[in-house]
Amino acid sequence: MTDSAQPAAAIEIRDLTKVYKGGKKALDSISLSIPRGQIYGLLGPNGAGKSTTINILAGLVNKTSGSARIWGFDIDANPRNAKNSIGIVPQEIVFDPFFTPLETLENQAGYYGVPRDRRRSMELLRAVHLQDKANAYARTLSGGMKRRLLVAKAMVHSPPILVLDEPTAGVDVQLRQQLWAYVRELNAMGVTIVLTTHYLEEAQQLCDRIGIINHGRVIADKTTRELLSMAQEKVVQVTVDRDIATAPEAPCFEKVERVDERTLTITYLKDRANAGQVLAAVQASGLAIVDVVTRDPDLEDVFLHLTADA
Ligand code: ADP
Ligand code: MG
């Protein structure tokens, strides 16, 4: 596909609302634009509406109102092209237990009308480290193996967008890293990745951009770097040259804790003070500083701050 044939955004969601039968409003007019070529993290607490959003894109849940475009194709006006442009790994593992991984991928390729000579089932199984299980029954696979098979299944029609809903839930650390390595590889080849995860550290490391939803509303949609810079609290730990009887106080300290005889942990707010002022205040109290360690705020700080209910 030439560059000009590609849409500006991989996924464009406008005022999407979902009210489930029974009245639960899972999505309250969310709008998101997911740039192509990126790894985009959709984060939010349990029940925020992440899976609902993804399942609407997958055509598994009907929206109540609003619109969504996948690779430029409206999901109502052009459902077939929209579907062909996306591969989805759902949160729930569903399989026909009587097919082998190889058959599962071949069936899926058939479903998408991929001609036999363009199928690459074994290549996909190798990519997710399941080549040895190609002919085993799906019911004999472990949870982690099934999850990886679902990733391969989502890629059989070579979509430009891969969406993974909590792909690493219940997957051990080593396999999780293998999965992320594969996701990075796909992204390097140009596939736009959208993922939801509970592991904020992973999101921070993997994602170019992060959207946070809470109670069915978008509360942040920024580059990972911008999001991290929103954290207000910074922490500096100082070691001083003599035993501290009582922790010093200063207007620029938000919080100060005596960790041991010679160590203080001082929290300050980025927009009110800087590390230089904090250290100067320690010295002004008569202590000489022999060592300094700072901790950068992480996504968890920002996330907790943003999702804390008023
Ligand atoms: P997340 O994936 O962020 O944890 P979900 O999209 O699964 O959140 O759920 C959003 C809200 O919608 C939750 O309150 C959930 O209980 C509700 N919900 C999800 N699926 C259904 C359904 N099929 N019927 C009724 N309510 C649902
Ligand atoms: Mg979910």
Side-chain angles (χ1 to χ4, degrees), residues 10-34 39-70 75-76 82-83 86-95 143-144 146-151 153-154 161-172 175-176 179-180 183 192-204 206-207 209-222 224 227 299-300 302-310:
I11 296 174
E12 189 81 49
I13 293 169
R14 283 281 154 258
D15 303 321
L16 200 60
T17 293
K18 173 65 187 180
V19 182
Y20 281 107
K21 273 195 209 94
K24 170 75 202 177
K25 192 181 242 184
L27 295 180
D28 187 1
S29 193
I30 69 160
S31 296
L32 284 173
S33 179
I34 298 176
I39 301 185
Y40 187 96
L42 188 60
L43 309 184
N46 251 330
K50 305 179 296 293
S51 294
T52 300
T53 306
I54 285 170
N55 291 338
I56 290 171
L57 296 173
L60 298 171
V61 166
N62 290 321
K63 62 186 166 60
T64 304
S65 61
S67 66
R69 285 177 169 272
I70 301 173
I75 59 169
D76 293 327
K83 235 186 157 111
I86 199 167
I88 300 209
V89 183
Q91 183 172 357
E92 305 299 332
I93 296 181
V94 274
F95 268 118
K146 284 179 183 156
R147 180 87 50 196
R148 283 180 284 146
L149 178 55
L150 283 178
V151 175
K153 192 177 164 195
I161 306 169
L162 175 65
V163 180
L164 306 117
D165 193 2
E166 307 270 359
T168 51
V171 177
D172 72 38
L175 293 178
R176 222 193 280 168
L179 190 62
W180 290 140
V183 162
T192 301
I193 309 285
V194 180
L195 60 93
T196 76
T197 177
H198 266 88
Y199 301 97
L200 296 183
E201 231 183 276
E202 284 181 347
Q204 185 172 338
L206 269 166
C207 300
R209 194 177 177 89
I210 288 175
I212 300 181
I213 56 177
N214 197 21
H215 299 306
R217 289 170 182 255
V218 177
I219 56 170
D221 178 18
K222 293 177 186 303
T224 307
L227 208 53
L299 192 55
E300 190 157 341
V302 181
F303 186 83
L304 290 174
H305 173 72
L306 285 171
T307 57
D309 285 326

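Each ligand, and each atom within it, is numbered from 1 in the order the structure gives.
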| query | Does one side chain, of Thr196 or Asp165, offer a donor that lies under 3.5 Å from an acceptor on the other? | reply | yes
| query | For Cys207, does its backbone N or O pair with a side-chain atom of Thr224 as donor and acceptor, under 3.5 Å? | reply | yes
| query | Within the structure, does at least one protein heavy atom fall under 4.0 Å of atom 8 (O) of ligand 1? | reply | yes
| field | salt bridge (charged side-chain N to carboxylate O under 4.0 Å, His left out) assessment of Lys18 paired with Asp28 | value | CA-CA 7 Å; Lys18 173 65 187 180; Asp28 187 1; over 6 Å; no
| Side chain of Lys222, backbone of Arg209: donor and acceptor closer than 3.5 Å? | no
| message | Distance under 4.0 Å to a non-hydrogen atom of Asn46: what atoms of ligand 1 satisfy this? | response | 4 (O)
| Can any side-chain N or O of Ser31 pair as donor or acceptor with the backbone N or O of Asp15 at less than 3.5 Å? | yes
| field | the Mg ion (ligand 2) to nearest N/O/S of Asn46 below 2.8 Å | value | no
| request: Specify the protein heavy atom at minimum distance from atom 4 (O) of ligand 1: its residue, its atom name, and the distance to 0.1 Å. | output: Gly47 N, 2.7 Å
| query | Any idea which protein heavy atom is nearest atom 6 (O) of ligand 1, and the distance to it? | reply | Thr52 OG1, 2.5 Å
| task | Heavy-atom distances under 4.0 Å are what count here, so tell me which part of Lys24 touches ligand 1: side chain, backbone, both or neither. | result | side chain
| Within the structure, does at least one protein heavy atom fall under 4.0 Å of atom 15 (C) of ligand 1? | no
| said: I'd like to check which ligand 1 atoms, numbered from 1 as shown, lie under 4.0 Å from a non-hydrogen atom of Ala48. | reply: 1 (P), 3 (O), 8 (O)
| request: Check whether the side chains of Tyr20 and Thr64 place a donor and an acceptor atom closer than 3.5 Å, and report yes or no. | output: no
| query | With respect to atom 12 (O) of ligand 1, which of Gly44, Gly23, Ala26 exhibits the smallest heavy-atom separation? | reply | Ala26
| note | atom 19 (C) of ligand 1 has as its nearest protein heavy atom Tyr20 CE1, 3.4 Å
| message | I'd like to know if the side chain of Thr17 and the backbone of Ser29 have a donor-acceptor N/O pair within less than 3.5 Å. | response | yes
| Any donor-acceptor pair under 3.5 Å linking the side chain of Thr192 with the backbone of Ala10? | no
| request: Ignoring hydrogens and angles, tell me if any N or O in the side chain of Glu166 forms a donor-acceptor pair with the backbone of Gln91 under 3.5 Å. | output: no
| message | I'd like to know if Gly49 contacts ligand 1, where contact means a heavy-atom distance under 4.0 Å to any ligand atom. | response | yes
| query | Backbone or side chain, does any N or O of Ser51 fall under 3.5 Å from an N or O of ligand 1? | reply | yes
| message | Nearest 10°: the angle subtended at the Mg ion (ligand 2) by Ser51 OG and Gln91 OE1? | response | 80°
